[in-house]
Structure formats: structure tokens, C-alpha cells
Amino acid sequence: MEKNVALIALFAALIAALGLIPKITLGFGVPITAQSLGVMLCGTILGSKRGALAVLLFLLLVAIGLPLLSGGRGGLGVFVSPSAGFLIGWPFAAFVTGWIVENWRSAPLTLVAGVASIIGGIFLMYAFGIVGLSVSLDKTLIEAAGLVSAFVLGDVIKAGIAGMLTAALAKARPASVLSRADVI
Amino acid sequence: MISLTSPTKTWAHSWPAGAKLAGLCIATLGLFFLQSVPVHAAVFAVVLGLYALPGRAFFVSGLRKLQLLWPFILIVAIWHVWSGQMAEGAAVILRLMSAVALANLVTMTTRLTDMIDVVRFLARPFARFGLRSDILELAIALVIRLTPVLIQKGNLLSQAWRARSRRRAGWRIILPFTILALDDADQVAEALRARGGFNT
Amino acid sequence: MTLERLNIETPNASGSQIVLTDLCYSVDGKGILQGITLKTSAPRIGIVGRNGSGKSTLARILAGLIEPTSGSALVNGHNLAKDRKAALAEVGILFQNPDHQIIFPTVLEEVSFGLRQLGQAKKTAEENARKTLDAFGKAHWADAYVNNLSQGQKHLVCLMAVVAMQPRMIILDEPYSGLDIPTKHQLTRYLSRYQGALLHITHDPSDLSGYDDVVWLEQGAVEQSGAADVVIPAYVAQMNTLGGSDDISDLSH
Amino acid sequence: MTLERLNIETPNASGSQIVLTDLCYSVDGKGILQGITLKTSAPRIGIVGRNGSGKSTLARILAGLIEPTSGSALVNGHNLAKDRKAALAEVGILFQNPDHQIIFPTVLEEVSFGLRQLGQAKKTAEENARKTLDAFGKAHWADAYVNNLSQGQKHLVCLMAVVAMQPRMIILDEPYSGLDIPTKHQLTRYLSRYQGALLHITHDPSDLSGYDDVVWLEQGAVEQSGAADVVIPAYVAQMNTLGGSDDISDLSH
Ligand SMILES: Nc1ncnc2c1ncn2[C@@H]1O[C@H](COP(=O)(O)OP(=O)(O)OP(=O)(O)O)[C@@H](O)[C@H]1O
Ligand SMILES: Nc1ncnc2c1ncn2[C@@H]1O[C@H](COP(=O)(O)OP(=O)(O)OP(=O)(O)O)[C@@H](O)[C@H]1O
Ligand SMILES: O=C(O)CCCC[C@@H]1SC[C@@H]2NC(=O)N[C@@H]21
Ligand SMILES: [Mg+2]
Ligand SMILES: [Mg+2]
């Protein structure tokens, strides 16, 4: 129990720390940020449940007013801004990413974690993001999807990194890749 | 870590946090049903008025936070000028600014401890699903305490990279950084257990 | 609550009875502690041994933080890994790195947390925490943010958090490493006044002057244990011999 | 490449010229180093001072990892914060905590990283890294995972990674803290053979025996600097006086 709480808190802190890697703000205001890599890592390393909880805890802290999003942003405002869809999608992205890594065991971990990150951290996350943008900017889903395409390249690279990191970690410290530990 | 609560004390600081949050929910919802541009403009003017009440410093720091929205505003403006639907565009922009400004206003006038009280209250119904509010509170405290520690360690790691390289650290330090976080988690778990953990 | 275990100036500390029987601990099949049998109730116990010899692991077992793989560890008759309630009254532990120990953002929250865990109400716990700060002359630290404290100050916060809970024994895992000389002197003085038992892990034999018993671990087993003035000289002699040789500890995996 | 700076048995180390002129460093308006002016080219330099006095910050400035807020720091005439190419040849730094220094999962990757950064091809870098491991008698560590090493072993990996790059000066930030006696002896011996300059931060004055110069920092400024046999006794005397008093450094906020 203590261990789970500590892991969840530390990975929430990890997402926060990744916010310090300078963000690139695109033309339409949603930043390209390393924090979405943090979300993928929560899934691939901690697994579905703990991963999603870590992301939820992070968002809770943002909501109660801590400046943890990239660029030192936070507070309730971001949850009604055009980023909101993505933020709401984060815990689901971590959950699905983690679920895939937990259950797909027949391929090398680099591949599994990478593909899981693409499915959870790109496809699913973008679904939320697109809906959020379309509501907040009053655009059609197609139009919003056009905007979001600017993230694809960066996020594919992040998914690749998540895959490699997870596999490297599994080699160096097998016990710490909890999504693959048999005792949950 | 410093929360985004404004150091300028306002009367709203002493209002119950729960009421502010409930009010915010209703107001935000309401904004999405409004279509008329003049009404949106009026709402936004009122919001700006609220920002102006506590004085200049508060107003300026509030506007600075809104500034982050300019790319959205620009893109929506260009879009609507191009498609000729100016009125819709103005409504979207005003609604966005009012919604974000109101939410920021609640954040700026509510102390962190009051927010945590609300979280505890909201967590209560979930107790039957095993969510313990004492653990949730502890987890919040842990993140607040450990984020700066982790960031400091991350800085040291990237300096360790720079000490042996002409280039800046790449993504590769994310692996040792993750390992640091995992190590910290082990140690924090033990520190918790050493003082009773969650079973007492 | 009074800080009875701290205030009395003339040290007359009482020991805890530690009984280890054929204790083993292993992780993933790798033995870390092997067949440790030991019995002591000295009020001041030192633990020495090389890096990786298993000192911290033993400390964690004694504090009940991990369970032995086989054999048993009893402190005053309690199995602390099982009986966590007794553990809080029996043992407090001071980790080497305060950043691994401090959980809360402010000093008062940190010190009162343990007291609440002992079952005290929030208000009582805060009052008692303030009393502890007072006893150390640090009442004005109550609302200080831990992140703004120096290393030595953080160490003291950890010590106060442990002392506040008034355990019968405090385990110290290299408490002085990285501290400057004055801070070390001051902590030593605070600790020497403690009326409970102290179990002190260190690489510096001079930290153990005045101690009763010393346990010397080597590769997970007890190399020698007994009166400090017997074990320490033997330990120092061997360490210096080893230091003269050129192998920097084997890496046998 | 031969490990020429390491192999020669009779120490006849050469110093680097360090020139600090009115150096200040502050973070968020908080002054951490104030008006440090210093000139030395001794081959063995010690830095002492209380926790938080700014020793590690000064070390990072000397290594060119952070830039002074005002004033200048030159090592052999180079501004190392600007000229990173020169920095790699001039200064290597050993951090206090190996966990903050080690970047790669295996020992060989860790040691060869710096060599590749010096422009060596992958194969050459690995060969030279192996030679360094060999020089320390640790060839069999090449493929070991760093995570399975003990603290002392990790320290040695960091040292080898720095030595492999053969910088003219090595900065050591409390290199011995947490190490057992034999490991400490052995590292001391490896280091004493180093032909470049050493700048050694420590809380234990006995680590500095045989050193030429010592700089004593106090609250971000130079309290005293000069010949080791002058500064060290003054430092020790004051530390012991402070240790007798009861203030564990003030908390003035
Ligand atoms: N969770 C673990 N998994 C694998 N090995 C471990 C684990 N914990 C400890 N070890 C190993 O057990 C041995 C003993 O570790 P321990 O930390 O108890 O040593 P120590 O005597 O405290 O050393 P030091 O003086 O460096 O603090 C070491 O070789 C360490 O690598
Ligand atoms: N990035 C930073 N932000 C704020 N304060 C800092 C930062 N880095 C260092 N400090 C502060 O600067 C002071 C000097 O720190 P430094 O680490 O150089 O001390 P030190 O002499 O190495 O101490 P120690 O002996 O404990 O290692 C400390 O008070 C520290 O809290
Ligand atoms: O406002 C924020 O700070 C968070 C916005 C979410 C950013 C999303 S996450 C997926 C996509 N990839 C990125 O790099 N950014 C967006
Ligand atoms: Mg240890
Ligand atoms: Mg330092």
C-alpha cells in the first residue's frame, strides 16, 4: 500500500518535472510538451491502474492551483481552455497504454510499449483532444483534427522513446517495470 | 512550491471554497448557452471588473495569465474573418476568455488548504470504493514536497551530462531520471511505513 | 506528553532487548543476510561493516520495515514486521538522506504526522509537535518550508520527527554523512541525551566512542560482535589492512 | 591513449591556473556566492566550509556547468561556461552522489560516453574505456549493470569515467562520504597518483593532508584562503567552537 502511494506520487512528480523541459507553443496555443511522454511512461512502467491514478493525482494538483503544467501553468482555468480535452484524456491514455503492456506479452517489450503508447498516448489521447478543441473553439471535429495533426510527429517520437526506455528499464531493473511484474 | 493563489488578499479569499467552485461550474455551463455577442461582452466586462476590484497588482497578474490565450484568439479570429462569420467568432473568443478568467479567479482567491478541504469533501462518497481521503491528502502533500526534490536531482543529472559533453543532455537522461524517481519511491514508501503507514 | 526520553540531562539510557535468531534475508534468491544470531540489550549499539555488507538491510529488518526471509527478529519480544502498532512505540529510524525521510512540505506537518499515526487527534498532535520543537529550541521552525532548509537543518527535522514519537529505540543509518563539523557535534549532543536505546550504523569508528556493544557485519553475516572496545580495534585493524591492498571490493556477479 | 595522468607512480602533479574575479552567483535574486576573488595554481586544492556555504555551487562554476551571475571564472585562461570544448579537456567533476552522475545502465557505456564526446569513434572509445577499467583492475565490470553495484562501487565507476577523459583538473565534491574505510583508502591512493590538479571539497580536514592550498568558504564568501597548514587549523578551531554552541545555524526567514 505505502509502496503504491509512493509510486503514484513520484510519477505524478515526474510528469511535473518533465514540464520543465521547454515547451514549444504551437500557433494555436496547445503546447508540444514532454509531459505527454510522462503520461505514456506512467502507463508503460506503472501499468494501467497505478498509471492512471498517477496522472489523475497530477491533474488534481493542477486543478487545486499548483503551477505544474509546462510553462508553470495550472489552476482551474486550464480545464476550460482549449487544452482541456487533452488533459481529460491523459488518465485514459495512461490506462489503455498500461493495459496493453500488461496483456500483450508475445512481442519484444520495446515494440509492445511503443505500440501501446501510440494507441493510448496518440489515438485515444487525440480523440479526447479533438473533442475538447472542437467544443472550446467551436470548430467541427474534422477542423479540430487538422489542428491536432501538428502533434503527430513529436508524439510518435515520444512513443518510440517510451518503448525504448521501458525496455531498457526492464533490462537494468526488471522488478521496477510493474506493468510486467506478475504480482500486482 | 508556490501555488497560484494570489498573495494579494481579497474578500473572496474568505468565501467558502466549495461555494466558489459550485458557482464557477454554473457560470461556466451558462457561458456555453449564451450566444449573443453583446451579452458575452458584458459578461467579460464584469469579469474584468472583478479582477480590477482588489487593485492594480491583482489585475495585472490576472491579465498576464489570460495572455496565454492569445494564440487561440488569433487563430479563431483569423478563421472567422476568413469565413466571414464575425459575430460567431467574437462570441467564441469572449466566451473562452470569460470562462478561463473566471476559473483563474477562483484559483487566485482560494488557498491551497481550502482547496484540499474541498477535495476531502468530494472524496467522501468514493470512500466505499476504497478511496481513503487521508491517503489522498498525503499523496497531495508528497507530490508538493517531492516535485522540487526530483527537479533538483534532474538538474544535477543534466549537469552531469554537460560535464562530459559539449552538447546539452538529450532524451537519454530520462532513463536515469526515471530510475531516480523509482528509487525515491522505494525510500518514501519505507519512510511512510516507518511511521505507521496506512494500517494503524 | 513530556519529552521524558530527551530532557534528562544525565544520560542513563535504557536498552531494548534485541533477539535475532538465525535470521536470513534474500531478494530474488540472492542472499543479503545469512544466519544472523544475536542477542543484546545494550543502550548504545554500533553497527559497522563494509559497503554492501548488509547494515542498512539489517536496520530495516529491526525496524520492521521488511520481513526476514527466514529466522526471526524480536525487539522487546515483538515481531515488528507483523505488529506495526508495537513497532511505532518500539523503534524510530533516521535514514541517511533526509530527503528520503521528509514527507511533508512544512516542519510542523512533518513532525506531527507521526504523532497522528500514534492515534493522537490533529490538535493534540500539533501541540505535541510544537513541544518537541520547543525542547530543541526550534519553535520558530514550525511553519518553515522544508525545501528552504539546509542539509543540517533537514537532518534535525528528521531527528525531531523521530524523537517526538518517543520510541524506545532509535536506529540511525549513517546520520552524519555529509554534515559539517558543528552540525555533527550538535546532533551528537542531542542524541547522547536520548534516554532510549540507540543503534548507530557508521563507517567512522570514532562516532561510536562511549558505545556499549558493536556488531561487525561482513557479507551479510556477523563477523564479530560484543563489547565496543573489543570489536572496534579489531575492525579498524582489518579495514586498514584491506585499505592497503588494491582490490576495491569484489564484484562477484 | 595511455592513462599517462594516472600511471606514473611518483606524484609530481601539475596545477591548473584558477583565476576568479569578483565572482557572484545568485538564483532568483538570492545571493549564493558573493564577490569571490581568488588566484591559485596549486596542484592540490581543498575547499572547506559549512553546509550551504556554497562549495558545490563554486565547484559547478569552476567546471563551467553554470555561469556566474557577475564576475568571471577562468581556468587556464578559458571561460569554461562558454567554451565547452576546452572544458572537457580542462576539468572533470565527480559529483557527491553517484546516482546523480551515472547516466547509462552499464559500466562500459558510462565510461565510454565521455570519450565519445571528446570525438573518439565508438570503437576507439570503447577500447579506451576498457583500458581505463583495466588500469583500475576492473576489466570484469565492463558489462555489469550499474544498478547492481554498491555505493562504493558506483563511486569508483564515476571516478573511472572522469579519469578516462584525462582532464587537467578533477573536481571532487565530497568523494568519500558514505564510503567504507578500505574503499576510501584505495580511492585516495588512486587519486594521489593523478598527475593533473585536484580540487577536493570535504568536511573532513584529514582528507586534505598533503594538500597545498585550502579555500574556506562561509556564507558564499571566502573566509580565508592560502596555504593548507595555515587555513586548516584555523578552520578546525572555529568549527569546534561552533560545535560547542547550540545553534544549528539560524533560520532567519
Ligand atoms: N532490493 C534489493 N535488491 C537487490 N539487492 C539488494 C537490494 N537491497 C540491497 N541489496 C544488496 O544487498 C547488499 C546489502 O545492502 P545494504 O544496503 O544493506 O548494505 P550496507 O551495509 O548498508 O552498505 P552501505 O555501507 O553502502 O550503506 C548490497 O550488495 C546491495 O546491493
Ligand atoms: N538552484 C538553487 N536554488 C536555490 N537555492 C540554491 C540552489 N542551489 C543552491 N542553493 C542554495 O545555495 C546555498 C549553497 O549551496 P551549495 O550546495 O553550494 O552548498 P555546499 O557548500 O555545497 O553545502 P553542503 O556542504 O551541504 O554540500 C545553499 O543555501 C542552497 O540551499
Ligand atoms: O496545456 C497543457 O499544458 C497540456 C496540453 C496537452 C498537450 C497535448 S498532449 C498530446 C499532444 N502532444 C503534445 O505534445 N501536446 C499535446
Ligand atoms: Mg547502508
Ligand atoms: Mg555540497
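Every chain is numbered from 1, with letters handed out A, B, ... down the list of sequences.
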Fill in the blank from the handout: Honestly, the part of B/Leu156 sitting under 4.5 Å from a heavy atom of chain D is both
Exercise for the section: Indicate whether the side chain of D/Asp143 and that of D/Thr106 have a donor and an acceptor atom separated by less than 3.5 Å. Expected result: no
Practice task
Please look at D/Glu110 and chain B and tell me whether the side chain, the backbone, both or neither of the residue comes under 4.5 angstrom of a heavy atom of that chain.
Solution key: both
Exercise for the section: Could you look at D/Ile93 and say if it's the side chain, the backbone, both or neither that has a heavy atom under 4.5 Å from chain B? Expected result: side chain
Handout entry: Residue part contacting chain D, namely of B/Leu175, when any heavy atom lies under 4.5 Å
Key = side chain
Exercise for the section: Below 4.5 Å from any heavy atom of chain B, which atoms of D/Arg60 appear? Answer side chain, backbone, both or neither. Expected result: side chain
Fill in the blank from the handout: When every non-hydrogen atom of B/Thr28 is compared with those of B/Ala99, the smallest separation belongs to CG2-CB, 4.4 Å
Practice task
With a 4.5 angstrom heavy-atom cut-off, could you sort out which part of D/Leu88 is near chain B: side chain, backbone, both or neither?
Solution key: side chain
Problem - Side chain / backbone / both / neither for D/Asp83 at chain B, heavy atoms under 4.5 Å - result: neither
Exercise for the section: Would you please say whether a donor-acceptor pair under 3.5 Å links the side chains of B/Ser165 and D/Gln117? Expected result: yes
Handout entry: Contact class of D/Ile66 relative to chain B, heavy atoms under 4.5 angstrom
Key = side chain
Exercise for the section: Check the angle between the aromatic planes of D/Tyr211 and D/His200 and answer parallel, tilted or perpendicular using the 30° and 60° thresholds. Expected result: perpendicular
Exercise for the section: Mind telling me whether B/Trp161 and D/Phe113 have parallel, tilted or perpendicular rings, with 30° and 60° as the class edges? Expected result: tilted
Exercise for the section: To the nearest 0.5 Å, tell me how far B/Met97 CE sits from B/Leu48 CG. Expected result: 7.5 Å
